Amino acid sequence: MPELPEVETVRIGLARLVIGKKIVGIMFDWPKGFPNSKSDVDAFIIGASIKDVRRRAKVLLIDLTTGYTLVTHLKMTGQLVFRGLENFGAGHPNESLVGLLPNKSTRVTLSFFDGSHLYFNDQRKFGWMKLLPTGEVQYMAFMQKVGPEPLEDSFTFSVFESQMMRRKNSGVKAVLLDQTVLAGIGNIYADEALWGAKIHPEAKVSAIPKVRLRKLHYEIIYVLKLSIEKGGSTDRNYVNAEGKRGSYIDFARVFRRENLPCPHCGTTIIKTRVAGRGTHTCPKCQPCRIN
DNA sequence: CACTTGACCTGTCCGC
DNA sequence: TGCGGACAGGTCAAGT
C-alpha cells in the first residue's frame, strides 16, 4: 500500500486540508502504535495548530506550532483521512472507500476547533504515530540511515549508481526495496520500474550493464511521478486524505497483471516470489537473471 | 559482515 | 456455508 507516491498524495491532501487548524481533542488507545503519555499529549498536542505537513521516504511529518511533530508511518494498511463538516458521515458523494468514521480500524482521532476531524485508521496495526520534538526527528534511527529521495534534483544517475553498488552482490529487486539505498520504493514501483528497464528482478546489481542501470534510474523517477499524478495506487486499503482511491493501478504495466498480456510484447505476465515478495515480470522482456 | 527469513496484525480470498 | 491455509503494498530483529 503506501509507498512514496501514496504517502506524497496523502501529504498534499493534508497540507491543503489541515494546515492552520487548531487541535482541541484527541482520542487514542493504542500503546503499541501511539506510545506517548497522556500528559505529553495534553501539553504538546491539545491547543496546538498544524503548521506544516512534510514527508521523508514513506514517513509523514505533521508539524505543530508547539515545536512538536506527529511522526507517522502508514506501513501496509494505514490511512490518514480528514472529515470536514461537508463530508461528514457515510453516503457522501465521490464514494469515500472508508465509509462512516470512526470505524473499527480507527486508532487515533484528532478533533479540530471547527468541528472537523483527522482519523488514523490501520487495519493491521503495523503502522505507528509518535510525538517528538521537531528538532529530534532527524535523529531517529530510520532518518539517520534512510537513502536519498528519488524525486529530488540531487538524485542524479551517479548518486543512484553509487547507492546501488553498495549492495552490488544482491538481487536488484531486494536492493530497490532497501530503504537505506533509496527512499520510498516499495513492491509496486520496484516491479514497475524493473519492467520499464527490462531487467529481471533477480539480476545481481553488478551484472547489470550501465545502459540498463541508466534506464532503471529514469524509470524509477518516471513511475513515481506518474503515480503521484494519478493519486497513487489503490490495491486494497490505500486511500488519500479525503478517503478516495488512487488510479495508478489502471496504468500499471505488470503489477497485479499476472496472466494478462505484457503491454510491450503481449507475452503473458507471470507472478513469482522474489526477495520474499510477490513479483510480476514479463518473461520475454525480462528474460534472465543477467541481461 | 552481508544477506535472507520470520514476526508483527487483521482481513480476505481460494480450494476442499 | 464452513474451515484451513496462503497471501497482502513495510520494516525490524533474528537467523544463516
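To find a chain, count down the sequence lines: A is the first, B the second, and so on, and within it residues start at 1. None of these values were measured; they are calculated from a predicted model.
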- Query: Are the aromatic ring centres of Tyr189(A) and Tyr248(A) under 6.0 angstrom apart?
  - Reply: yes
- Task: Remember a base hit wins even if backbone is also touched, and classify Gly127(A) as base, sugar-phosphate or nothing at under 4.0 Å, heavy atoms.
- Result: nothing
- Query: Is any side-chain N of the basic residue among Glu161(A) and Lys210(A) closer than 4.0 Å to the acidic one's carboxylate O?
  - Reply: yes
- Item | Whole angstrom value for the distance that separates C1' of dC12(C) from NZ of Lys32(A) | 12 Å
- Can a cation-pi geometry be assigned to Lys198(A) and Trp195(A), taking NZ or CZ under 6.0 Å from the six-membered ring centre and within 45° of the ring axis? yes
- Message: Measuring only between side-chain heavy atoms, which start at C-beta, is Asn237(A) closer than 4.5 Å to Gln123(A)?
- Response: yes
- Base, sugar-phosphate alone, or nothing: which one does Lys104(A) contact when heavy atoms must sit under 4.0 Å apart? sugar-phosphate
- Message: Check the orientation of Phe157(A) and Phe160(A). Use parallel for under 30°, tilted for 30 to 60°, and perpendicular for over 60°.
- Response: tilted
- Message: Any donor-acceptor pair, under 3.5 Å, between the side chain of Arg124(A) and the base of dA8(C), if you only look at N and O atoms?
- Response: yes
- Message: Using a heavy-atom cut-off of 4.0 Å across all strands, would you classify Asp235(A) as base, sugar-phosphate, or nothing?
- Response: base
- Identify, residue by residue, the members of residues 247-261 of chain A with a heavy atom below 4.0 Å from DNA chain B, and return them in order of residue number, or none. none
- Task: With P as the reference atom in both, quote the distance from dC9(B) to dC3(C) in angstrom, rounded to an integer.
- Result: 25 Å
- Message: Does Asn169(A) reach a base, just sugar-phosphate, or nothing at all? Heavy atoms under 4.0 Å.
- Response: sugar-phosphate
- Mind checking Gly186(A) for me? I need base, sugar-phosphate or nothing, with any heavy atom below 4.0 Å counting as a touch. sugar-phosphate
- Message: Using atom P in both nucleotides, what's the gap between dT11(C) and dG11(B) to the nearest angstrom?
- Response: 22 Å
- Task: May I ask you to check whether His217(A) and Phe155(A) place their ring centres under 6.0 Å from each other?
- Result: yes
